[in-house]
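The next block holds one structure in the form of structure tokens; read it before the comments.
What you see below is based on every heavy atom in this structure, not just the backbone, and it leaves out hydrogens, waters and symmetry mates.
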Amino acid sequence: MTINRGRTALITGISGQDGSYLAELLLTEGYVVHGIVRHTSSLIANTSRLDTVYQDPHETGRRLFLHKGDVTDAGMMVNLIRDIRPDEIYNLAAQSHVRVSFDLPEYTANVTALGAIRLLEAVRASGIDTRIYQASTSEMFGTTAPPQDENTRFHPRSPYGVAKVYAHWATVNYRESYGMFAVNGISFNHESPRRGETFVTRKITRAVARIAAGLEQKVYLGNLDAVRDWGYAPEYVEAMWRMLRHDEPVDYVIATGRAATVRDFAEAAFSHAGLDWREHVAHDERYERPAEVPELVGDPAKIEREIGWKARVHWDELARIMVDADRKALPGGA
Ligand code: NAP
Ligand code: G4F
């Protein structure tokens with residue numbers, strides 16, 4: 001911990017799944033952590049995932065600072081980065097839901113694509129020397145066949161995927177044009193008990209908990225044939241951090257290398273609660289997408305070899321972790 005004492009990090013998207021785990025990791029490692037949180041009309045800020053690390057602004061010696069902001073506001077980003085002068089910046093903010101991006105394509109581009117360029121420009125404008133992590137995604141590979149690695153061709157299949165390709169290449173371009181330490185972590189799907197409730201894994205594990213408790217009977221899903229390489233989010237934020245501590249700015253695939261279908265995940269989750277998935281999963285075409293990404297399976301050989309990071313939790317254990325957490329979270333849950 002002493003080795004990082006005094007280092008400062010800025011996390012956009014700190015209130016999200018990954019942002020909250022990353023904040024915990026960096027605080028444990030001795031960093032001062034700044035995060036951007038969005039204004040909401042109903043809450044002081046959306047910080048429920050940060051409950052374990054939240055510090056009252058009146059506390060002395062605190063190392064977590066939350067700033068109201070938005071990656072659609074360039075001026076705010078310049079001012080904040082100039083004032084904080086972070087050693088490391090993690091750009092995790094995004095409209096990250098693939099299905100939603102078909103309904104909100106322009107908004108998704110503004111946040112997910114242009115947000116990245118605003119951040120890169122804010123770093124240039126403030127003239128600081130910092131390291132930047134861009135949250136790239138396996139969704140960029142789209143229809144290109146697995147296994148996918150750092151050299152695999154992009155063929156995005158959603159407005160979200162297209163926006164992330166823009167942010168990915170902007171990051172490469174600023175590295176090449178201005179010599180910035182700016183890197184892309186091409187993460188495959190990663191999940192946890194903090195996963196948003198409308199992503200398929202969490203939707204399933206929440207339903208398992210509620211069905212096991214007798215609170216409901218069915219969960220309605222879309223395409224059960226999609227294959228995903230699901231890993232465990234707390235491990236993925238460690239990969240992000242280690243990429244910024246690496247000697248060279250290099251892009252890496254972050255993945256487990258093992259995959260399963262949505263059907264397999266549902267079967268594992270239901271059977272962990274002693275239930276037969278076939279009795280509780282029903283189809284609803286509303287959850288199908290205009291264009292699907294059929295099969296994502298990462299090849300993590302490069303990050304394993306050069307950074308020494310390797311996934312430990314695979315999709316079947318992940319299903320059990322998430323079911324246990326969702327059952328425990330119910331009133332009276334053990
Ligand atoms: P997430 O839970 O959806 O979190 C997204 C974060 O971005 C939230 O903190 C959200 O704030 C914030 N945000 C959204 N719009 C914003 C805006 N206009 N200005 C500032 N902040 C904004 O996503 P995640 O799963 O943690 O993923 C983190 C990043 O990795 C995202 O960029 C995602 O696209 C990318 N990624 C994720 C995966 C995965 O499987 N999880 C895989 C590959 C890449 P609110 O809390 O206010 O909504
Ligand atoms: O859980 P999902 O919504 O995740 P998706 O689309 O793979 O995107 C996630 O992973 C990306 C990395 O590859 C991230 F970049 C992105 O931000 C996000 O975190 O859907 C997974 C699969 C899809 O094939 C979808 O069609 O599950 C299928 N699915 C089937 N029924 C469903 C449902 N997905 C959702 N969300 N809801 C359903 O009812």
TODO: Would you please classify the geometry between the H246 ring and the Y252 ring as parallel, tilted or perpendicular, with 30° and 60° separating the classes?
DONE: perpendicular
TODO: Give the intermediate values and the outcome of side-chain hydrogen bond (donor to acceptor under 3.5 Å, both in side chains) for residues N184 and Q134.
DONE: CA-CA 5 Å; N184 291 292; Q134 168 61 27; 5.3 Å; no
- [ ] Supply the atom-to-atom distance H190 NE2 to Y236 OH, rounded to the nearest 0.5 angstrom.
- [x] 7.5 Å
Task: Over-ring placement of R194 relative to Y21, 6.0 Å and 45° cut-offs - done: yes
Task: Six-ring centre of Y178, R124 cation under 6.0 angstrom, axis tolerance 45° - done: yes
- [ ] Please find out if less than 6.0 Å separates the ring center of F154 from that of F141.
- [x] yes
Distance alone, cut at 3.5 Å: any donor-acceptor contact between the side chains of [X] and [Y]?
| X | Y | result |
| --- | --- | --- |
| Y174 | E121 | yes |
| H34 | T8 | no |
| S101 | Q95 | no |
| E88 | Y31 | yes |

Task: Derivation and outcome, side-chain hydrogen bond (donor to acceptor under 3.5 Å, both in side chains), residues N189 and R195 - done: CA-CA 11 Å; N189 300 51; R195 184 57 144 152; over 6 Å; no
TODO: Output the rest of the hydrophobic cluster of F199: all Ile, Leu, Val, Met, Phe, Trp and Tyr residues reachable through side-chain heavy-atom contacts under 4.5 Å, sorted by chain and number.
DONE: none
Open item on the list: Looking at K302 and E150, is any side-chain nitrogen of the basic one under 4.0 Å from a carboxylate oxygen of the acidic one?
Closed with: no
Open item on the list: Please determine whether a side-chain nitrogen of the Lys or Arg among E235 and R312 lies less than 4.0 Å from a carboxylate oxygen of the Asp or Glu.
Closed with: yes
Open item on the list: Any heavy-atom pair between the side chains of S138 and V253 that's under 4.5 Å?
Closed with: no
Open item on the list: Applying side chain to side chain donor-acceptor pair (under 3.5 Å) as the test, list every pair that has at least one member in residues 199-209; sequence neighbours left out.
Closed with: E191-T201, R202-D326, T205-D326
Task: Residues that D225 engages under salt bridge (Lys or Arg N to Asp or Glu O under 4.0 Å), provided they are two or more places apart - done: R263
